[in-house]
**Q** 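Okay, here's the structure, questions in a sec.
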Amino acid sequence: MTTPENAIKGTAFARTHFPPTRLAVSGLFLLNGTFAGAWAPKIPEFASRLSLSESGLGLMIMCFGIGSLVLMPIAGILIAHYGTTRTVKGAAVLFLSTLILLSLAPTVLLGALAIFLFGGLMGAMDVAMNGNAVEVEKSMRRAIMSSCHAFWSLGAFIGATTGGFLIETLGVTGHAVLLTALGAVALGLAWPFVLHDAPHPNEERQKVRLPMTLLPWLIGLMALFSMVPEGAILDWGALYMRDELGASLAVSGFAFGAFSLTMAAMRFAGDHVRDRLGAVKTLRFCTVMAMIGMVVSGMAPNAYVAVLGFAICGIGISNMVPIAFSAAGNLPGFAQGVALSVATVMGYSGSLFAPSVIGFIAEHTGFSIIFALLPVLFVVVLLLSHHAVHADVRERP
């Protein structure tokens with residue numbers, strides 16, 4: 001029999017413990033991020049093997065984005081029908097094979113298919129593991145989404161920094177086989193502990209369709225405008241430092257390094273901050289910090305001030321997207337997978353496609369003015385920030 005005292009003890013246990021379900025979903029984020037990071041050092045060999053020009057490689061990378069936008073909504077539908085557990089496990093199993101496909105593709109057509117599946121299954125797994133993280137948040141009655149995204153950032157760092165050495169040592173195929181084998185072991189360890197979805201009888205009766213009300217799309221817009229500046233920094237920060245601020249090649253790398261370092265650190269701290277301040281206040285603080293950082297970077301008189309600005313921007317952007325995803329996954333009255341897939345697709349479309357538009361504009365204006373004006377997008381996030389209240393996980397009766 002459940003008594004008030006037992007309920008209080010159970011709540012305290014959920015708040016203070018680090019259960020296997022949280023470890024498992026964190027491991028899925030780490031796995032996904034490691035494979036994403038491992039792709040970066042493979043790009044030169046991939047382009048050389050298929051004799052791709054810069055524009056041809058750009059079209060290939062667009063296939064990555066198209067794959068994500070196609071399979072992410074499908075993952076959302078599968079979540080609504082079957083739950084996050086079965087969807088994330090299935091997507092992870094299929095995703096593990098894609099790095100080998102990328103390493104072996106002998107023709108442009110097969111290369112395009114491989115990169116489509118790589119991007120698509122990465123995105124499908126992303127939607128499902130974010131959905132599972134929302135379920136773990138509910139079971140623990142506390143925020144964990146930011147730390148999950150921190151594990152993704154850590155995995156991307158590991159995959160990117162070890163990839164070049166492993167490719168030189170083992171070859172392109174050997175690198176892919178080793179990562180796939182290690183990924184299979186990691187997935188096998190996490191497999192039995194992935195949180196099984198609690199029954200959602202109301203969601204089961206819902207028709208799976210795109211939301212016809214505005215709220216999921218507004219939260220998706222928050223995610224989109226949070227990730228466009230992130231994509232701009234990742235793709236163009238180093239070039240801006242080198243070409244417009246006269247930085248050396250080594251210093252130019254600090255644009256991404258400072259940004260990713262502060263982002264990972266703040267994502268590990270973000271859940272605690274959110275539990276103390278609430279999602280709305282946390283989002284507003286992060287958005288203001290991101291605005292300050294972007295303006296400092298865009299108006300910087302030298303490369304070192306720009307690095308400082310990118311570091312401040314990493315502090316801000318770090319928890320904006322996790323809060324948006326948590327809000328989408330917790331929206332009342334919506335099948336979780338559908339609302340979450342809307343936010344995920346809109347968010348990632350910003351980081352996948354906006355940088356190419358920014359690059360075209362920068363040919364005529366330069367990057368400085370673009371970085372200084374991107375905070376206009378954050379103003380929209382501030383205006384919509386009250387919707388982040390749905391990210392706060394409340395006690396269940």
Side-chain angles (χ1 to χ4, degrees), residues 40 146 149-150 152-154 156-157 160-161 222-270 273 281-324 347 350-352 354-383 385:
S146 292
H149 282 253
W152 191 95
S153 299
L154 179 62
F157 177 78
T161 54
M222 288 168 52
L224 170 64
F225 284 175
S226 298
M227 294 188 76
V228 167
E230 179 180 352
I233 294 170
L234 297 182
D235 288 335
W236 300 115
L239 193 64
Y240 162 60
M241 296 263 291
R242 188 191 68 185
D243 291 354
E244 298 184 26
L245 298 179
S248 66
L249 185 62
V251 174
S252 296
F254 286 118
F256 171 68
F259 175 79
S260 59
L261 179 64
T262 55
M263 172 177 279
M266 287 305 298
R267 280 181 167 174
F268 277 116
V273 173
K281 289 183 180 179
T282 304
L283 178 62
R284 288 171 178 169
F285 168 77
C286 287
T287 305
V288 170
M289 291 295 291
M291 293 172 70
I292 294 171
M294 291 298 288
V295 171
V296 169
S297 297
M299 305 296 289
N302 57 60
Y304 299 101
V305 175
V307 168
L308 175 63
F310 287 130
I312 296 171
C313 199
I315 293 173
I317 291 178
S318 60
N319 292 301
M320 294 169 66
V321 174
I323 288 174
S351 62
L352 291 170
S356 60
V357 177
I358 289 171
F360 174 78
I361 296 173
E363 288 184 8
H364 303 88
T365 65
F367 287 107
S368 176
I369 187 65
I370 290 176
F371 282 125
L373 291 178
L374 277 175
V376 172
L377 302 181
F378 293 141
V379 174
V380 178
V381 177
L382 276 179
L383 293 174
S385 61

**Q** Out of curiosity, Leu261 CG to Ile315 CD1, how far, rounded to the nearest 0.5 Å?
**A**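 That separation rounds to 9.5 Å.
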**Q** Under the ring pair (Phe, Tyr, Trp, His ring centres under 6.0 Å) test, which residues partner Tyr240, sequence neighbours left out?
**A**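 By the ring pair (Phe, Tyr, Trp, His ring centres under 6.0 Å) rule, Tyr240 matches Phe371.
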**Q** To the nearest 0.5 Å, tell me how far Met320 CE sits from Met222 CE.
**A**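 One gets 8.0 Å once the value is rounded to the nearest 0.5 Å.
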**Q** Would you name the heavy atoms of Ala223 and Val321 that are closest together and state the gap between them?
**A**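 Distance-wise, the nearest heavy atoms are O-CG2, 4.5 Å.
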**Q** From Ile323 CD1 over to Ser146 OG, what is the distance, rounded to the nearest 0.5 angstrom?
**A**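 Going from the CD1 atom of Ile323 to the OG atom of Ser146 covers 6.0 Å.
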**Q** Quick one, Asp243 with Phe367, criterion side-chain contact (heavy atoms from CB on, under 4.5 Å). Give me CA distance, side-chain angles, the key distance, then yes/no.
**A** CA-CA 9 Å; Asp243 291 354; Phe367 287 107; 5.8 Å; no
**Q** Just do the side-chain contact (heavy atoms from CB on, under 4.5 Å) check on Phe378 and Ile317 with the steps written out, would you?
**A** CA-CA 10 Å; Phe378 293 141; Ile317 291 178; 4.1 Å; yes
**Q** Please report the C-alpha distance between Ser385 and Arg284 in whole Å, then the side-chain angles of each, then the deciding distance to 0.1 Å, and finally whether the side-chain hydrogen bond (donor to acceptor under 3.5 Å, both in side chains) criterion is met.
**A** CA-CA 7 Å; Ser385 61; Arg284 288 171 178 169; 2.7 Å; yes
**Q** Considering all heavy atoms of both residues, which atom of Thr262 and which atom of Ala311 are nearest to each other, and what is their separation?
**A**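 Smallest interatomic distance, heavy atoms only, reads OG1-O, 2.8 Å.
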**Q** Looking at CE of Met241 and CG of Asn302, how far apart are the two atoms once the value is rounded to the nearest 0.5 Å?
**A**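 Here the interatomic distance stands at 9.0 Å.
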**Q** Is it true that a side-chain atom of Ser297 and a backbone atom of Phe310 form a donor plus acceptor pair closer than 3.5 Å?
**A**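 Answer holds: yes.
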**Q** What closest approach, in Å, do Pro375 and Ala372 show between heavy atoms, and which atom pair accounts for it?
**A**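 In this case the closest contact between Pro375 and Ala372 is CD-O, 3.3 Å.
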**Q** Is the side chain of Asn319 donor-acceptor paired with the backbone N or O of Thr282 at a distance under 3.5 Å, no angle test?
**A**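 Here the side-chain-to-backbone pair does not exist.
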**Q** How long is the span from the CG atom in Leu374 to the CD1 atom in Ile358, to the nearest 0.5 Å?
**A**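 Separation between the atoms: 5.0 Å.
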**Q** For the residue pair Leu245 and Ala303, what are the closest heavy atoms and their distance?
**A**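 In terms of heavy atoms, the two residues are closest at CD1-CA, 3.9 Å.
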**Q** Answer yes or no: does atom CZ of Phe268 have more than 12 heavy-atom neighbours from other residues, nucleotides or ligands under 6.0 Å?
**A**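 Buried by this count: over 12 neighbours within 6.0 Å.
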**Q** Without placing hydrogens or testing angles, list every side-chain donor-acceptor pair under 3.5 Å for residues 286-296, not counting sequence neighbours.
**A**
residue : atom : partner : partner atom : Å
Thr287  : OG1  : Leu283  : O            : 2.7

**Q** Looking at Arg267 and Ser318, would you say the former's side chain and the latter's main chain have a donor-acceptor pair under 3.5 Å?
**A**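 Indeed, once roles are kept as given, a pair shorter than 3.5 Å links the two residues.
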**Q** Any donor-acceptor pair under 3.5 Å linking the side chain of Glu244 with the backbone of Ser368?
**A**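 Yes, Glu244 side chain to Ser368 backbone: donor-acceptor pair under 3.5 Å.
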